[in-house]
Every structure is written in C-alpha cells, then in structure tokens.
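Only one structure is covered here, and it is reproduced in the block below.
Atoms within a ligand are numbered from 1 in the order they appear, just like the ligands themselves.
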Amino acid sequence: SVGSLININCVTFPHPDVMPEQQLLKPSEWSYCDYFWADKKDSQGNNTVSGFEILLQKQLKGKQMQKEMAEFVRERIKIEEEYAKNLSKLSQNSLAAQEEGTLGEAWAQLKKSLADEAEVHLKFSSKLQSEVEKPLLNFRENFKKDMKKCDHHIADLRKHLASRYAAVEKARKALTERQKDLEMKTQQLEVKLSNKTEEEIKKARRKSTQAGDDLMRCVDLYNQAQSKWFEEMVTTTLELERLEVERVEMIRQHLCQYTQLRHETDMFNQSTVELVDQLLRKVDPAKDRELWVKEHKTGDIRPVDMEI
Ligand SMILES: *[C@@H]1O[C@H](CO)[C@@H](O)[C@H](O)[C@H]1NC(C)=O
Ligand SMILES: *[C@@H]1O[C@H](CO)[C@@H](O)[C@H](O)[C@H]1NC(C)=O
Ligand SMILES: *[C@@H]1O[C@H](CO)[C@@H](O)[C@H](O)[C@H]1NC(C)=O
Ligand SMILES: *[C@@H]1O[C@H](CO)[C@@H](O)[C@H](O)[C@H]1NC(C)=O
C-alpha cells in the first residue's frame, strides 16, 4: 500500500496513478479549503511556497489595495477642496461689481451662485472623507499582525509534521537494520559459523519487533500531526475566505457610497442657478435705461432755432 502513496515535503498524498475518488469539501464553490493543499515552486523555481502562503499573500495584497484606494480617494478630496476654494475666491472677485440695474442684479446673483456651488463641493469633499476615505483607511487596523499569527500557527503545525516525518524515516531505517541483523544472525546459526546462541537470536528478534512497534508508533504520531494540520488548514482557509468576502463587500459598499455622493453633487442645488436664471429673465434694457437716465440725466430742455 506504500506504493499507492507519495510524500511531498512531508505531506502524504495518494499516488497520481491510483487516485482514489476524492470529493471536494465544498463542491462547486471554488473554496479556498479545496485548492491549496500542495506546495508550489516560487517564481525563481527554487523555494517552495505553501498553498497557505499563497492565500496569505492574497490577503496582504487585498489589504494593500484597500489602503491604496483610501489614498486615491484622498487625492479626489483634494481636487474637490481646491476647486471649492477657487470657486469661493472667484465669487468674491470684484470684476464688473459696478454693473447697474436689473443686469447688475443678475450679475451679482451669478457671482453669489459660485459661493453656493463652492459650498456643495466642500460638502461633497467632507462627506467623501468621513463616509469613504476614513472607513477604507480604518478597516482592519491590526490585519497584518493577525495574518502573521495565522502564518505562524500553520507554519508551526507544518514544522511539527516535518519532524514527525523525520522520526518515521529514522524508525524505518532502524527497523531495516534490525531486520538485517536478525537475518544475519539466523544465517550464521544455520551454517554454524559462529557461536551465537539461540538466546542472542531471541534478543535480535525482540529488538526487531520493537523496532517495528516503534515505526508503527511514529507513523501513528505522524498521522496525528498531519490530521491536526489538515483540520487547522480547513478552518483557517475558510476563515481567510470569509475575510476576503467581507473585504470585497466592504469596499463595494463604500464605492457605492462614493457614486451616491457624486450623484448628489450633480443634482447640485439647481435653485442657486435657477435664481440667476430668474433674474436674467427680468433683465430689461428699457428699465435699466430708465433707472440710469433718471440718475444721470443732465437736462431735458432741448435746444431751439436761433431767432433774429
Ligand atoms: C535558484 O537556483 C539557481 C540554479 O538552479 C541558482 O543559480 C540561483 O542562484 C537560485 N536562486 C536563489 C534565489 O536561490
Ligand atoms: C485652482 O486655482 C489655481 C490657480 O489659482 C490653479 O492652479 C488650480 O489648478 C485650480 N484648481 C482647480 C481644481 O480648479
Ligand atoms: C566457540 O565455542 C567453543 C567451545 O564452546 C570455543 O572453544 C571457541 O573458542 C568458541 N569460538 C569463538 C569464535 O568464540
Ligand atoms: C439650495 O439653495 C437654496 C437657496 O440658495 C437653499 O435654501 C437650499 O437649502 C439649498 N439646498 C441644498 C440641498 O443645498
């Protein structure tokens, strides 16, 4: 039956030529717990990386992406703040402040609308900060530490498995030697080449049996270690899977919040612009002329013809 198994990096697998029927633990879910049992060569092809390590790298990369998204939103906020500042500054500009009449009123309202618009952008930037940037930035503050703990936990179990495997190999060698020794002594007795007594052969047989028992115990301990590793791999990879689902959901939710806020600024207080439109509709050149003439007129007595 040893021939139907192979051992890779101290983990025992069924031999590929005699694959037994193995059901996936979570069929059709593409679950982490089903697809990361073997080790993998790294990009240089020298060191092997455990399947678990690959899952951890995905987690750390996800954490990094989350952080970079927060940075990106910060840049977005800065643009919005600067834009608001520019609008607000421009609204206080005194250009054409001396325009008069109904046109002057419409012009003043247009300038005021810039301040209102600035307000909308400022509100957007502040909501972006509290409802998108901060949550993205603060999600899972101790994540790297937690992942390191996970890493050590599984690595320790794997090391333990390796030491159990070494013990099995040692016991296997010891048994082989004991068996050879017994065989040799038996032969020597048969051909009477030596004075070995039955007693000594009994002793050799006992030692050989003991070595066999030793090996069985070592295999048993090895299997226990592999079971423990297996169980922890299943629970831990399922936990990593849950964390990744949670991360994706969290980010999706906050990006939706971004688009929601962005829509709100688009529907930017139409009333501020509408107020300008209203005043523009009321612009009346005749009325403005009347007002202006009343204020600046210099005399309405017309000149007449000269008389002799
Ligand atoms: C990887 O192995 C190649 C030879 O197989 C060797 O030249 C190279 O230095 C090794 N790289 C590392 C990082 O160990
Ligand atoms: C704001 O105005 C400055 C110049 O006063 C300009 O360099 C900058 O690009 C403007 N920013 C935005 C977002 O409009
Ligand atoms: C074998 O035993 C005999 C007598 O019992 C003794 O004379 C002889 O020296 C022994 N030979 C060896 C190699 O021990
Ligand atoms: C829109 O502008 C009007 C007048 O400027 C103001 O009363 C109102 O609160 C604003 N609404 C929003 C949603 O900003």
Check residues 280-293 and write down every donor-acceptor pair under 3.5 Å in which the side-chain atom is one partner and the other belongs to a residue at least two apart or another chain.
unit_1	atom_1	unit_2	atom_2	d
D284	OD1	A286	N	2.9
D284	OD1	K287	N	3.3
D288	OD1	T102	N	2.7
D288	OD1	T102	OG1	2.7
D288	OD2	T102	OG1	3.2
D288	OD2	L103	N	3.3
E290	OE2	K294	NZ	2.8
W292	NE1	H296	ND1	3.1

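L175 and L221 are members of different hydrophobic clusters when ILVMFWY side chains are connected at heavy-atom separations under 4.5 Å.
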Practice problem: Evaluate the criterion side chain to side chain contact (heavy atoms under 4.5 Å, CB included) for residue pair F36 and F52; output intermediate values, then yes/no. | Solution: CA-CA 6 Å; F36 292 89; F52 188 72; over 6 Å; no
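Residue I251 shares its hydrophobic cluster (ILVMFWY side chains chained together at separations under 4.5 Å) with M69, V73, I77, F124, L128, V132, L136, F139, M250, L255, Y258, L261.
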What are the distances between nitrogen or oxygen atoms of ligand 2 and protein nitrogen or oxygen atoms, counting only those under 3.5 Å?
unit_1	atom_1	unit_2	atom_2	d
ligand 2	2 (O)	N86	OD1	3.1
ligand 2	2 (O)	N86	ND2	2.3
ligand 2	11 (N)	E82	OE2	3.1
ligand 2	11 (N)	N86	ND2	2.9
ligand 2	14 (O)	N86	ND2	3.2

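Between W37 and W229, the two ring planes are perpendicular [angle over 60°; tilted spans 30° to 60°].
Contacts of E100 classified as side-chain hydrogen bond (donor to acceptor under 3.5 Å, both in side chains), with partners at least two apart in sequence or in another chain: none.
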